[in-house]
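Working notes, beginning with the structure itself.
Just so you know, residue 1 is the first one in the sequence shown, and it goes up from there. The figures that follow rest on heavy atoms only: side chains count, while hydrogens, waters and symmetry mates do not. Everything numeric here is computed off the predicted structure, so don't read it as measured data.
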Amino acid sequence: MSPTGARRRWARGCLALLALGEGLPGAWALLRPRHFYDSYPLPGHPWVAGFPPYNEHLVRDFGAAVLALSVVLAWAACTAGPHLLRAAAVAALTLCVPHLAFHSAHLGRPFGVEEGAQVVSLAMPVGCAVIAFLAAGGPAPDTATEPQHDSRPPRKEDTPG
C-alpha cells in the first residue's frame with residue numbers, strides 16, 4: 001500500500017463521514033423544517049429553536065444547501081481524485097468554519113453542557129475537513145512545468161529514416 005493510497009483513503013473516509021453528518025440534518029431540514037427547527041439535534045434539546053423566529057423558507061433553503069454539499073462530499077469520497085477531494089474539503093470548510101465561529105461567539109443558547117456539546121459537534125467537521133484536505137495529496141500540479149504529451153500518431157516526416 002503506497003503512502004499516497006493510504007492518505008487518499010483517509011481523505012475519502014473523512015469526506016464520507018462529512019457527507020453523512022451533513023446529509024442527514026440537511027435532508028431533515030429540507031423535508032421536515034418545523035420538526036428540524038423544534039427538535040435538532042435531539043427531541044428535548046432544541047439547538048436551532050434557540051435562535052428564533054422560525055422561518056420555513058430559510059430552514060428549507062439551509063437544508064437544501066447542506067444536502068447539496070453532502071452530495072458533493074459523497075461524490076468526492078467515491079471518486080477519490082485528488083482535485084475533487086481537495087475541492088470538496090474546501091467546500092465543507094467554507095460551511096463549517098463560519099458555522100463554528102458564529103456559534104462560538106453566541107454561546108449561552110442553549111445553556112450549560114449543551115454549549116460544550118454544540119461546540120464539539122461543530123468543531124469535529126472542521127477537523128475532519130482539514131484532515132481530508134491534507135490527506136488528499138500535495139499541492140495541485142503546476143501544468144506549466146508538466147511535460148506535454150502529444151496523443152497524435154507520428155507523421156511520416158517525424159520518424160527517422
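Annotation: the span from Trp75 atom CH2 to Leu84 atom CG amounts to 8.5 Å, rounded to 0.5 Å. Note: His99 NE2 to Thr94 OG1 = 14.0 Å, rounded to the nearest 0.5 Å. Rounded to the nearest 0.5 Å, atoms CE (Met124) and CG (Leu100) are 12.5 Å apart. Expressed to the nearest 0.5 Å, how far SG of Cys128 lies from CG of Leu15 amounts to 7.5 Å.
Taking all atoms of both residues into account, the shortest heavy-atom contact from Phe51 to Phe102 is CE2-CE2, 3.6 Å. Taking both residues in full, the closest heavy atoms of Arg12 and Leu85 are given as CG-CD2, 4.0 Å, listed atom of the first, atom of the second, then distance. Minimum heavy-atom separation, Glu22 to Cys96: OE2-SG, 3.7 Å. Nearest heavy-atom pair, Ala74 versus Ala19, reported as atom, atom and distance to 0.1 Å: N-CB, 3.6 Å. Of all heavy-atom pairs between Asp38 and Pro46, the closest is O-CB, 3.2 Å. Leu67 and Gly23 make their closest contact through CD1-O, 3.6 Å (heavy atoms, listed as atom of the first residue, atom of the second, distance).
Val72 and Leu95 fall into different hydrophobic clusters, where Ile, Leu, Val, Met, Phe, Trp and Tyr residues are linked whenever their side-chain heavy atoms come under 4.5 Å apart, directly or through other members. Following chains of ILVMFWY side-chain contacts shorter than 4.5 Å, one can reach Val97 starting from Val90, so the two form part of one hydrophobic cluster. Linking Ile, Leu, Val, Met, Phe, Trp and Tyr residues whenever their side-chain heavy atoms come within less than 4.5 Å places Leu69 and Leu18 in a single cluster. Val126 and Leu122 fall within the same hydrophobic cluster, defined by Ile, Leu, Val, Met, Phe, Trp and Tyr side-chain heavy atoms under 4.5 Å apart, directly or through other members. Linking Ile, Leu, Val, Met, Phe, Trp and Tyr whenever their side-chain heavy atoms come within less than 4.5 Å leaves Leu20 and Tyr40 in two separate clusters.
Using a 4.5 Å heavy-atom cutoff, the side chains of Phe62 and Pro25 are not in contact.
Aromatic ring pairs are classed by plane angle as parallel below 30°, tilted from 30° to 60° and perpendicular above 60°; the pair Trp28 and Phe36 is perpendicular.
By the 6.0 Å contact criterion, CZ on Phe133 is open, its count of non-hydrogen atoms from other residues, nucleotides or ligands being 12 or less.
With 3.5 Å as the limit, one finds a donor-acceptor pair spanning the side chains of His83 and Arg86.
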